[in-house]
Amino acid sequence: MSAAPELTPDEARARLASLIVIDVRTPGGYATGHLPGAHNVPLDHLDAALGALKSAADRDELLVVCASGVRSAQAHRRLAEHGVRARTLAGGIDDWARLGHDVHRPARARTAWAMERQVRLAAGSLVLAGLLVGRRRPAARWLSAGVAGGLVFSAVTDTCGMARVLAKLPHNRPRAVDLDATLAALGG
């Protein structure tokens with residue numbers, strides 16, 4: 001492999017004009033702020049976008065980004081399996097913003113909470129509900145135990161089933177025309 005798979009935020013900023021940036025977060029995460037010029041292709045839609053991404057990678061270098069770098073690393077592996085060359089942003093958009101680089105936040109965009117925040121709210125609410133209802137109905141404590149087990153599994157496997165479920169909610173799902181327009185722009 002000739003190029004390192006990661007670019008630091010400073011390296012990416014210096015080369016931003018020559019990169020095609022692909023943000024693999026949910027539309028809700030993307031709407032909270034993204035790199036200037038980034039295209040939103042959620043991770044769960046990556047397979048549908050492979051043709052357009054390959055076409056884009058043949059023209060310019062792809063930079064795959066997410067909030068922290070975890071999902072972009074997953075996307076990078078999946079793209080590499082299909083022969084699509086790409087790089088990732090080290091530390092994700094979190095590090096990019098922490099260093100004071102520009103973050104684009106569209107005016108009038110409906111902004112959902114970032115997926116990590118949604119997962120924390122849902123998990124915490126379910127645990128709390130299980131404990132509170134469990135005071136009267138002890139079997140309800142199994143809800144809290146189930147969520148705790150899911151969080152441990154999530155940490156060990158570096159996956160998140162709850163995020164996958166939450167991503168299917170209407171405010172987190174891309175509209176077909178948005179993804180279609182993105183794929184058309186990437187395809188050339």
Side-chain angles (χ1 to χ4, degrees), residues 1-47 49-50 52-54 56-57 59-106 109 111-124 150-164 166-167 172 174 179 182 185-186:
M1 184 173 268
S2 60
E6 284 189 334
L7 289 176
T8 67
D10 290 333
E11 291 170 332
R13 182 173 170 253
R15 299 183 47 207
L16 195 57
S18 65
L19 297 170
I20 298 174
V21 181
I22 307 298
D23 191 320
V24 296
R25 295 177 296 159
T26 64
Y30 177 80
T32 63
H34 52 270
L35 273 65
H39 300 277
N40 186 215
V41 179
L43 185 59
D44 61 344
H45 289 77
L46 200 63
D47 290 336
L50 282 172
L53 293 171
K54 181 155 181 43
R59 289 190 317 275
D60 286 308
E61 191 169 22
L62 293 184
L63 178 65
V64 182
V65 302
C66 69
S68 66
V70 174
R71 283 178 282 182
S72 59
Q74 292 172 355
H76 180 269
R77 284 190 296 274
R78 197 179 301 156
L79 290 171
E81 289 169 2
H82 290 88
V84 179
R85 290 183 335 271
R87 298 180 74 178
T88 61
L89 180 64
I93 294 170
D94 293 345
D95 277 1
W96 174 275
R98 185 182 51 76
L99 292 170
H101 300 319
D102 290 338
V103 176
H104 179 72
R105 290 179 179 87
T111 58
W113 285 357
M115 185 55 67
E116 181 182 333
R117 186 175 181 192
Q118 292 181 51
V119 167
R120 289 191 314 252
L121 175 68
L151 290 172
V152 170
F153 180 79
S154 175
V156 170
T157 62
D158 200 20
T159 62
C160 187
M162 188 176 289
R164 287 187 180 152
L166 291 172
N172 286 326
L179 185 58
T182 298
L186 291 172

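Keep in mind that the numbers below use all heavy atoms, side chains included, and drop hydrogens, waters and symmetry copies.
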Qualifying salt bridge (Lys or Arg N to Asp or Glu O under 4.0 Å) pairs, either residue in residues 9-19, two or more places apart: R15-E61
Pairs in or reaching into residues 62-76: which pass salt bridge (Lys or Arg N to Asp or Glu O under 4.0 Å), with residues at least two apart or in two chains? none
Measuring only between side-chain heavy atoms, which start at C-beta, is [X] closer than 4.5 Å to [Y]?
X    : Y    : result
M115 : L166 : yes
L79  : H76  : no
V24  : V65  : no
P27  : N40  : yes
V103 : L35  : no

Let me confirm one number: the [atom1]-[atom2] distance from [X] to [Y], rounded to the nearest 0.5 Å.
X    : Y    : atom1 : atom2 : answer
F153 : C160 : CZ    : SG    : 10.5 Å
L43  : Q74  : CG    : CD    : 5.5 Å
L62  : K54  : CG    : NZ    : 10.5 Å
Y30  : R105 : OH    : CZ    : 13.0 Å

Atom of [X], atom of [Y] and distance for their closest heavy-atom approach:
X   : Y    : value
T8  : A90  : CA-CB, 4.2 Å
A49 : V41  : CB-CG1, 3.6 Å
S72 : T88  : O-CG2, 3.5 Å
P36 : D102 : CD-O, 3.5 Å

For R77, what residues pass the salt bridge (Lys or Arg N to Asp or Glu O under 4.0 Å) criterion, not counting sequence neighbours? none
Applying salt bridge (Lys or Arg N to Asp or Glu O under 4.0 Å) to D158 and not counting sequence neighbours gives none
Hey, mind stepping through I93 and T32 against side chain to side chain contact (heavy atoms under 4.5 Å, CB included) and telling me if it holds? CA-CA 11 Å; I93 294 170; T32 63; over 6 Å; no
Would you please test L7 and L63 for side chain to side chain contact (heavy atoms under 4.5 Å, CB included) and show each step? CA-CA 8 Å; L7 289 176; L63 178 65; 4.0 Å; yes
Mind checking ring pair (Phe, Tyr, Trp, His ring centres under 6.0 Å) for H39 and listing every partner two or more places apart, or none if nothing turns up? none
Tell me, please, which residues at least two apart from H101 pass ring pair (Phe, Tyr, Trp, His ring centres under 6.0 Å). W96
What pairs with [X] under side chain to side chain contact (heavy atoms under 4.5 Å, CB included), at least two apart in sequence or on another chain?
X   : answer
D60 : I20
A14 : none
A52 : L183, L186

Under the side chain to side chain donor-acceptor pair (under 3.5 Å) rule, collect the residues that match up with R117, sequence neighbours excluded. none
Go through the structure and list residues passing side chain to side chain donor-acceptor pair (under 3.5 Å) with S154, not counting sequence neighbours. none
Do any pairs count as a side chain to side chain donor-acceptor pair (under 3.5 Å) and have a residue in residues 18-28, sequence neighbours left out, and if so which ones? D23-R25
Is the number of heavy atoms from other residues, nucleotides or ligands within 6.0 Å of CZ (R78) greater than 12? yes
